[in-house]
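Note sheet for the following structure.
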Amino acid sequence: MKRKANALAVVVLVLLMIASSCKKEVLPLTSEDTLLDKSIAKAKSMQPGAPALLVSGLMELQGSTVGPDGALYVTAPLAGSVWRINPKTGAKTLFTTGLPERNPDPFFQGAGVIDVAFHNGIAYALVTGVGSDLGGEDIVGIYRVDGPDSHSIIADLGAWSIAHPPVPDFFVPTGFQYSFEPYRDGFIVNDGHHNRILYITLDGNITEMIAFGNVVPTGLAQRGNTIYFTLAGPIPHLPEESKLMALSQKPLTATEIASAAGLNVGLFVDVEFGSGNTLYTLAQGIWDGPYEGAPALPNTGALLKLKSDGSFSVIANGLNQPTSLEFIGNNAYVVSLTGEVWKIENITPANVH
C-alpha cells in the first residue's frame with residue numbers, strides 16, 4: 001500500500017507541476033488597460049439604440065410637436081384629436097378632440113388634423129383636406145385649441161388659397177398643407193400640393209413667402225433666421241428628388257443642402273434638429289402608390305443624419321410609414337401612420353463632437 005501511495009503522490013506532484021507551468025501569468029491592470037476599457041464603453045454608449053415601440057394602438061397618427069411641458073403631442077386625423085404622450089413611459093392622454101375628422105377613405109390619407117404646434121404656450125392645430133372642394137363641410141386652416149373639445153379658427157387657409165391660386169398645376173383649390181411651425185408672431189406653413197410656403201400671423205393675415213415648381217414641400221424646422229424644409233419630390237418620389245433645403249431671409253433664397261441620391265429611400269417628410277446643430281431628416285421610404293398622396297411602402301422608411309460633407313448617414317431603417325419626427329434630450333421619437341410612436345435612445349449623445 002505504501003508503494004501505491006508513493007506512486008500516487010508522484011503522479012499528483014507531476015500534474016501540479018504541469019498545471020503550474022501551463023498557467024498564464026496574471027498581470028495587474030495598467031492605466032492603458034483602464035483607458036481602453038473606458039474607450040470601449042464610451043464607444044458603445046455613443047451608438048444610437050434600436051427603435052423601440054413606445055406607443056401603439058392609436059388610430060392613424062400624422063403630425064407631432066414637443067409641448068412646453070416636455071411631453072410629445074401627436075395628431076390623429078381620423079378621430080379629429082390630439083394626444084399627449086409621456087416620452088418616458090408612453091402613457092397617453094387625450095389632449096383635445098372635436099377637430100374636423102378626415103374622410104375615412106384611404107384616398108384622403110394626409111387630410112384632417114395634420115399637425116400640431118405651440119405658440120407662446122398655446123396649442124394650435126393645422127387642418128387640411130376637409131373643405132367642400134373635396135366633399136367636406138369644414139374649414140381648411142389653423143385652429144387654436146381652447147379646451148378639451150373647443151377650438152377657434154384663426155386663419156382660413158382654404159378660402160385664401162382659392163382666392164390666391166398657385167402657378168403650378170393643382171386639382172385641390174384649398175391646397176393640401178402638410179406641416180406648420182411657430183415663426184415670429186405667427187406660423188409658417190408648407191403646402192405640399194400648391195408647392196409653397198405661407199406665413200400666417202396670429203390675427204389671421206396670410207402671405208406667400210416663396211413658391212416652387214412641382215417639388216412637394218413637407219417638413220419644417222427653424223433655427224435663427226433660417227427656415228429648413230424637406231421636399232418629397234414629385235411622384236414617384238425618387239431618392240434624388242427628395243431634398244433637404246434651407247431658406248435664407250436676405251435675400252429670400254432656397255438652397256439645397258443635401259438629397260437622398262444614392263440611398264434606397266426617398267419621400268422626405270420631416271426635418272428636425274437634434275442636440276446642438278445636427279440636422280436629421282425623416283424619409284417615409286420607397287414609393288409605389290396608386291395615386292398622388294399615397295404613403296410609401298410599409299417598413300421602408302429611414303431616419304437620416306446630415307453629415308458635414310453634405311451627405312446622409314442612416315441612423316435607423318425599416319421604419320413603417322413614418323410621418324413626423326421630434327427630439328427630446330438625446331432621444332428621437334418617430335410618429336407613424338400606423339398609429340405608433342417609436343423611440344430611438346441616445347441618438348445625439350451628450351458631449352460628443
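Remember, it's a predicted structure, so these values are computed and weren't measured experimentally. Numbers here simply count residues along the sequence, with the first being 1. The figures that follow rest on heavy atoms only: side chains count, while hydrogens, waters and symmetry mates do not.
Val216 is not connected to Val189 by any chain of hydrophobic side-chain contacts under 4.5 Å among Ile, Leu, Val, Met, Phe, Trp and Tyr, and they are in different clusters. With hydrophobic clusters built from ILVMFWY side chains whose heavy atoms lie under 4.5 angstrom apart, Leu53 does not share a cluster with Val74. Trp342 and Leu58 fall into different hydrophobic clusters, defined by Ile, Leu, Val, Met, Phe, Trp and Tyr side-chain heavy atoms under 4.5 Å apart, directly or through other members. Linking ILVMFWY residues whenever their side-chain heavy atoms come closer than 4.5 Å, directly or via other members, leaves Leu297 and Leu267 in distinct clusters. In the hydrophobic clustering of this structure, Leu61 does not group with Leu337; members are Ile, Leu, Val, Met, Phe, Trp, Tyr whose side-chain heavy atoms approach within less than 4.5 Å, directly or through other members.
No donor-acceptor pair under 3.5 Å is formed between the side chain of Glu292 and the backbone N or O of Ala294. Using modelled atom types, one side-chain atom of Asp309 and one backbone atom of Ser311 make a donor-acceptor pair closer than 3.5 Å. The backbone N or O of Ala260 lies less than 3.5 Å from no partner atom in the side chain of Ser242, so there is not a single donor-acceptor pair. Looking only at distances, a side-chain donor or acceptor of Gln284 sits under 3.5 Å from a matching main-chain atom of Ala296. In this structure a side-chain-to-backbone donor-acceptor pair under 3.5 Å is present from Thr96 to Pro148. Although no hydrogens or angles enter the test, the distance criterion places a donor-acceptor pair under 3.5 Å between the side chain of Thr323 and the main chain of Gln62. With hydrogens and angles ignored, the 3.5 Å screen pairs no side-chain donor or acceptor of Ser179 with any backbone N or O of Asn190. For the pair Asp156 (side chain) and Ala159 (backbone), a donor-acceptor distance under 3.5 Å is present. No donor-acceptor pair under 3.5 Å is formed between the side chain of Thr278 and the backbone N or O of Gly276.
Through side-chain heavy atoms spaced under 4.5 Å, either directly or across other Ile, Leu, Val, Met, Phe, Trp or Tyr residues, Leu306 is tied to Tyr228, Leu244, Ile257, Leu263, Val265, Phe268, Val271, Phe273, Leu279, Leu304, Phe312, Val314. In this structure, Val215 shares a hydrophobic cluster with Tyr183, Ile188, Ile197, Tyr199, Met209, Ile210, Phe212, Leu220, Ile227, Phe229, Leu231, Met245, Leu247, Leu252, the cluster being traced through Ile, Leu, Val, Met, Phe, Trp and Tyr side chains under 4.5 angstrom apart.
Atoms OG1 and CG, on Thr174 and Asp138 in that order, are 11.5 Å from each other to the nearest 0.5 Å. Rounded to the nearest 0.5 angstrom, Ile235 CD1 and Leu238 CG are separated by 10.5 Å. Put simply, OG on Ser313 and NZ on Lys307 are 5.5 Å apart, with the number rounded to the nearest 0.5 Å. Rounding to the nearest 0.5 Å gives a distance of 11.5 Å between CD1 of Ile328 and OG of Ser275. The line from CD1 of Ile200 to OG1 of Thr207 is 7.5 Å long, rounded to the nearest 0.5 Å. Remark: Asn214 CG to His194 NE2 distance equals 12.0 Å, nearest 0.5 Å.
Within 6.0 Å of the CG atom in Asp169, the count of heavy atoms belonging to other residues, nucleotides or ligands does not exceed 12. In the displayed structure, Asn299 atom CG is contacted under 6.0 Å by more than 12 heavy atoms of other residues, nucleotides or ligands.
Closest approach of Ile347 to Pro48, counting heavy atoms only: CA-CB, 4.1 Å. Closest approach of Gly310 and Ala258 over heavy atoms only: O-CB, 3.2 Å. Closest approach of Leu134 to Val172, counting heavy atoms only: CD1-CG1, 3.9 Å. Residues Tyr178 and Pro217 come closest through the heavy atom pair CB-O, 4.4 Å. In plain terms, the two heavy atoms of Pro104 and Leu78 that are nearest each other are CA-CD2, 3.8 Å. Here the closest heavy-atom approach between residue Thr230 and residue Thr281 is recorded as CG2-CG2, 3.9 Å.
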Audit row: Thr253, Thr255, side chain to side chain contact (heavy atoms under 4.5 Å, CB included) steps and yes/no: CA-CA 6 Å; Thr253 307; Thr255 305; 4.2 Å; yes

Derivation and outcome, side chain to side chain donor-acceptor pair (under 3.5 Å), residues Ser336 and Asn320: CA-CA 7 Å; Ser336 170; Asn320 193 7; 5.3 Å; no

Evaluation steps, side chain to side chain contact (heavy atoms under 4.5 Å, CB included), between Asn330 and Glu345: CA-CA 7 Å; Asn330 291 337; Glu345 294 187 333; over 6 Å; no

Residues Glu326, Ser64; criterion side chain to side chain donor-acceptor pair (under 3.5 Å); working and verdict: CA-CA 7 Å; Glu326 301 297 336; Ser64 64; 2.9 Å; yes

Test side chain to side chain contact (heavy atoms under 4.5 Å, CB included) applied to Leu94 and Ser81, step by step: CA-CA 7 Å; Leu94 188 60; Ser81 303; 3.7 Å; yes

Side chain to side chain donor-acceptor pair (under 3.5 Å) between Gln249 and Asn225, intermediate numbers included: CA-CA 7 Å; Gln249 299 298 308; Asn225 292 320; over 6 Å; no

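Using a 4.5 Å heavy-atom threshold, the side chains of Glu101 and Pro77 count as separate. Side-chain contact check for Tyr333 versus Leu325: every heavy-atom pair is 4.5 Å or farther apart. Ser161 has its side chain within reach of Gln177: a pair of non-hydrogen atoms, C-beta onward, lies under 4.5 Å apart. Within the 4.5 Å cutoff, the side chain of Thr218 has no heavy atoms near those of the Asp270 side chain. Contact annotation: the side chain of Phe95 never approaches that of Trp83 to less than 4.5 Å [non-hydrogen atoms, C-beta and beyond]. Looking at heavy atoms from C-beta onward, Leu72 lies out of side-chain contact with Arg84 at the 4.5 angstrom threshold. At a threshold of 4.5 Å between non-hydrogen side-chain atoms, the residues Pro234 and Glu241 count as touching. Using a 4.5 Å cut-off on side-chain heavy atoms (C-beta onward), Asp191 and Thr128 make no contact.
Screening Leu202, Leu126, Leu198, Thr201 against Phe187 for a side-chain contact (heavy atoms from CB on, under 4.5 Å) leaves a single residue, Leu202. Put simply, the residue from Leu54, Leu303, Asn331 that forms a side-chain contact (heavy atoms from CB on, under 4.5 Å) with Ile344 is Leu303.
Aromatic pair Tyr73/Phe118: ring centres closer than 6.0 Å. Side-chain rings of Phe180 and Tyr124 stay apart, their centers remaining 6.0 Å or farther from each other.
Relative orientation of the His193 and Phe176 rings is perpendicular, given thresholds of 30° and 60° on the angle between their planes.
Screening residues 235-266 for ring-ring contact (aromatic ring centres under 6.0 Å, His included) gives His237-Trp287 as the qualifying pairs, with residues at least two apart or on separate chains.
A donor-acceptor pair shorter than 3.5 Å cannot be found between the side chains of Thr97 and Asp149.
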